[in-house]
Each structure stands twice: as structure tokens, then as C-alpha cells.
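Notes follow the structure.
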Amino acid sequence: MDTLVHLWSGLGVAMQPFSLLMMTLGLILGLAVGVLPGLGGTAGVALLLPVTVFVAPEVAIIFLGAIYWGALFGGVITSVLFAIPGEPWSVALIFDGYPMSKQGRSGLALAASFLSSFVGIIIAAFFFVAAALPLALLALRFGPPEMFAIMMLAFSTFVGLGTGKASKTLVSTAFGLLLTAVGLDIVTGRPRLTFGTITWMSGFDFVPVTIGLFGLGEILIDGEDRFSAEAREVILAKVGWADIKEGMREIWKFFPQTVMASIMGFFVGVLPGTGATPASFLGYGLAKQYSKNPEKYGKGAIEGIIAPQSAANAAGAGSLLPMITLGIPGSPTAAVLLAGLYMWGLWPGPRLFLEQPAFVWGLIASLFLAALVCLIICLAFTPMLAAIMRIPWGLLTPIIVVACFVGSYVMRNLMFDVICTLAFGLIGYIMKKLKYALAPMAVALVLGDMTEVFLRQSLIMSDGSFAIFFTRPIAAVCMSFALLLFAFPAFKLYREKRKARVSIGPG
Amino acid sequence: MTRRANTDLLSGILGLAIAGVFWWGRGDVGRLSIMFPHALLFLLAAFSVALVVKGLVRPERRSIFAEGDRAKIIGSGAILFVWVLAIPYIGFFLSSVAGFWVMACYLASSRREVTPLLAAKLFCVVLAEVTFFYLIFAKLLYVPLPTGAFFQ
């Protein structure tokens, strides 16, 4: 009952005219970001994060959240119409979405994608509402050892559940943590890793680094593709009322699969380091595995669109749950949102629910509202959104680069931050070329300071003994899982080698 | 043309270089302050060594520059670099208009010939873009963007 009262008050916050205006603006920007290949939702949120210092935190989080939902919806359009994934999580849509477009059913494919996105977010939002308060109350029992163990669990999920190489993920994480150690020691106030310079004493701010890695770095990567891109078959479409009705009929026909994909997506999203991309592939895989007609997949099966899209959007909503209740981001975009929380002077966890109910419940209520508004925008303005793809890249690049510059400069008004953005743009480009995952680094950048603080507090509590992480029940469980996940790639390698040896046979 | 490289070896070398640079700049601080960075430096070096060993023992050559025009990327990067360097001297507005006009012409030249008319059109668009950003941030949000020598 309490939850419903809170949710009602949250709706009051989200439905205020200024909140609605910012939400709509965020959704439009997010849709544009989602449509543009190369500029992801994470970059979009990071680029506009500095702008939010000018508005109240509850409006700021609704605005940034809307950019994320917009990007989740927007990636669909280019995947279905041009077979160009606007976002990594919309790759799975190409398999059946593009064949549908080539068959002249693009309107239906888009309508089904948007409607399944909406269903995915709404189902995830209900789970979010049910789980948020209990999880936040559980976090009340957490002390520094438990928090440190949870941080380790967050880092280990990238290693154990990530798709990249474990060693590269570990290097990426260690590099991100190392960057947070640059500057003044948070406990003693002494400078470290500063190379004797005063400029480095302030440390690396999260925003310029993220804008460099995800904004400028992506622009450079994308630029390389654009120089070599060949003309693609462009299919233009608009979504008509008949498409919407048929899309709704199809979703109703595959409703159990949609619900299952959304629930699975939500829980995948809750796991730190996973996010919408693996959820969309899992959703597609599950739908195909349990389909009565798996041979139709890849040739324009509508259920091949519904399942991954609902799973991806549910995962997007799920990734915000650990962020708001425990301070652990479930995805790189959630990591940027978490950085925003710190920037606005808010501390995630149970106290946030008590001290800032308008903020927390405003965000939760905005999940429902944003899904609805985004659905309406997408259904009404698809041709206009698809037209963004036709803006010459040479004119779009200056807009994005200027946004990168202003975004990094506005936080502290330092040219050092602009140089940081440029340097990390280059680092991000090189890391992507060398197949490093950038998401672990982004999460490490947000959690680095706290990881160190919790580690030092724990060691002070135990007189320097690491046993404290294994003698307290919650910490021990989290730490054991973390160690298992860290060891998982080695175990997988051993199993693969053994299988290969068995298949070759003796001699 | 696709260019392939031993990404594990290169990644390991990059990791070791980063660890080396930060080891050199760790400064003279107390044991408690440096404990966390030290642990991270050791871990970074250890994982990087593992990548180097993997790259040497079982080299895998992967494509890192897929068909792209690297000269154009380097050119764009150089324009960005000069632009950032110019900001403190001639200000955000002038450096951005000049920098992005050059960049827009440079990027357009990969697709077609840049005629004076096209260059003039690109200038107008870039001017409008930069002015839009300048007005929003400097005049509406009161962000003190660098003014340089011309607007003081």
C-alpha cells in the first residue's frame, strides 16, 4: 500500500509541466542518439549530464532517464529499415526486422518493435516497483565489508558474464580504478600519481573521461566506417494505423513469450555489467528455441522482433534497480546516471528513499510515463526520425564534437577537462581497436573512490585482516560469488581444452 | 584494405606501458595512501603480462583497421587537436567556427569535390551550429566559455 502511495506521489512529480517538457525533450534527443549509429545511449547521457546542473535533481534524472529510453526505442528504426544497428542492443532486430522490411512489411515491423519496447518497460517497471523498497531496506544492513564485497561482485560480473576476453576486461577495470586513484588521497589528502603537477591534483573527473571514451572515441570509430561505407539499400516507411492494430494483435498472439522475455530481460539487466545487449540476444535465442516454427527465424518472423526488443527494454529498466538501491550500476549508462547522482549531491541506497522520495519515486513513475510518450512519438514520427540518417556526416560531426567540448568544459570550466576528453577519445579509439571492453572501465571510474574507501574502512575495522570479507555472512556470500565469477573464464578455458582433447582422442 | 595485428600482444604492451607510466609518477606518499594504487598497478601489470604471453605463445591476428581510410581519421584528429589548442588563444566561438568549417570541408572532400559554393554553404551551416551552442551555453546557461584574445 505504501508503495502505491509513493508511486502516486512520484506520478505527481513526473507529470508536472516542466518534468513532462524535459522528459519529452530527453526522449527526442534519445531517439536521435539511438537512430545515429556510433553515438550510443551512454554517450548521449554522458554528453547531456553536465547540462543537468541547471535543473532540480528529480527533473534531471527524468531527463537523463528519458534519453536512455529514447535511445532504447530509437535503435530499432535503423536496424529495421537500413540493417544498420543504431545501438548494440538492436543488432538482434536486424535478423528478422530487415527481412520484413525487404518484404514490404516495415510498418508492421516497426509497430511491433515499438509496442514490444513499451510492454517490456511496463513489465520491468512493475518488477522495479515491487523490488525497489525491499532491496533498499536490505541494504540498511550493509557495512563497509558488505559494500566492498558488492563492488567486487559488480566487477566480477564483467569478467564472468562478459563477452570479451577476461584478461582485457581485468586490464580495463584496473585502468579505470587506477584513474580514480589519481589526485589527492580521499582519506589523508596527500597527492598521489600526480607526476608532481598541480593540474593532476584535482584528479580525473568522470564526465570528461566518459565523454571522451564513449563520445569522441565512438565518433572516431564511426568516422572510419563512414569513409569506407558503401551505399545501402534504403527502405523508407511510415507506421500506419493498420500496422499498429496488426502489431498489437501479434503481441497478443505472442504474449507469453513477450512476458517471459521481459522478465528474463529485467533480471539480466539487474546483474551489474550486463545491460540490454546480452538481454536482447538472450531474448531472441529463447524465443527461437521455444518456437513451434524456428525455421521462420531470420526470414522475417515477427516474434524474432518482439522477444529481443521487449527483453532489451526490460533490461534497461532493470539496470537502474541496483543503481538506485545499492549504488551499483547495472550497465554503462546506469554508471553515468550514478555519476549524475553524486554530482547532484545524492547518495544512492536506503537513505535516498527516505530523504529524497520525490527523486526516487519520480524516476520510477517516469518509467511508465516515458514508455507511453516514447511509444506515441515513435509511432507518429518514424519517417522524420529515419530522415536523421540522411544528414551529412560532415555536418553532424561538428554538432557532436561541440557538444563533447561544452559537456566536458561546463563542469569545472577547466581546459584541462577538454584536453582529457580529447586524450580519452583517442584512448577509447585505441582500446576499441584492440578489442577492450569500455563498460568495465566506466563502471570502475564511478565506483573506484568508494571501493577504496570501503576497503580501507573494512581493513581498519579488522586491524588489517582480509578475513573480515569471509566472516560476515552477506559479505562472505557476495565475495564467494565474486571469486567464482573471477575464476569462471579459467574454468571455461579448462573445460574447452579438455573437451578438445577428448574429441581428438588418445594418440 | 584490411589490416591485421596481434591484438593480445599490443593490448598487453599498452597495459604494461600504462602501468609503467603510473608507477613512475606514483610520488612519495605514505603506505596507507599508496596501498590501493600499488595493488592496482601490480594487477594491471600482471594481467598485461598474461596478455603479452598469450600473444607470443598463441598469436591471433585480428583485423583492426577494417577498410577504413586512416589518413582521413588522422587528419580529423589533427584538426581536433589544433582546435583545442587554439581555444585559449582565439576563444571558443572563433576557433570552433574555423575548426569545424575546415573539418566539414575535409570530410565532404572524401565524397565529392568541394567547390567554393559548397564551402560557403558549409560555412553558413557550421556558423549556425556553433552560434546555436554558443548562445545556449554562454547567454542562456551562463557558462563562461573561453573568450580568448578577441572578446575580452
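Lettering follows sequence order; numbering is per chain, from 1.
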Side chain to side chain, B:F100 and B:M103, heavy atoms closer than 4.5 Å |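 With C-beta onward as the side chain, the pair touches.
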Is chain A contacted by the side chain of [X], its backbone, both, or neither, given a heavy-atom distance below 4.5 Å?
{"X": "B:L51", "result": "side chain"}
{"X": "B:V125", "result": "side chain"}
{"X": "B:W101", "result": "neither"}
{"X": "B:F132", "result": "neither"}

Identify which part of [X] has an atom lying under 4.5 Å from any heavy atom of chain B, answering side chain, backbone, both or neither.
{"X": "A:L422", "value": "side chain"}
{"X": "A:L179", "value": "side chain"}
{"X": "A:F175", "value": "both"}

Measure the spacing between [atom1] of [X] and [atom2] of [Y] and express it to the nearest 0.5 Å.
{"X": "B:L118", "Y": "B:F123", "atom1": "CG", "atom2": "CZ", "result": "14.0 Å"}
{"X": "B:T7", "Y": "A:K433", "atom1": "OG1", "atom2": "NZ", "result": "12.0 Å"}
{"X": "A:T180", "Y": "A:M450", "atom1": "OG1", "atom2": "CE", "result": "10.0 Å"}

So, the side chain of [X] versus the backbone of [Y]: is there a donor-acceptor pair under 3.5 Å, distance only?
{"X": "A:K165", "Y": "A:K435", "value": "no"}
{"X": "B:N6", "Y": "B:G55", "value": "yes"}
{"X": "A:S172", "Y": "A:K168", "value": "no"}

CA sep, side-chain torsions, deciding dist, call: A:F424, A:F204, ring-ring contact (aromatic ring centres under 6.0 Å, His included) | CA-CA 11 Å; A:F424 278 96; A:F204 292 104; 5.6 Å; yes
Return the set of residues passing side-chain hydrogen bond (donor to acceptor under 3.5 Å, both in side chains) with B:S33 (not counting sequence neighbours), or none when no residue passes.
->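 B:S33: side-chain hydrogen bond (donor to acceptor under 3.5 Å, both in side chains) contacts with A:D185, A:T188.
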Residue selection (most heavy-atom pairs with chain B, distance under 4.5 Å) from A:V401, A:T197, A:T421 |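 Max contact count across the listed options: A:V401.
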Using heavy atoms and a sub-4.5 Å threshold, report which of residues 453-464 of chain A line up against chain B, by residue number.
->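 Under the 4.5 Å heavy-atom cut-off, A:L455, A:R456, A:L459 qualify.
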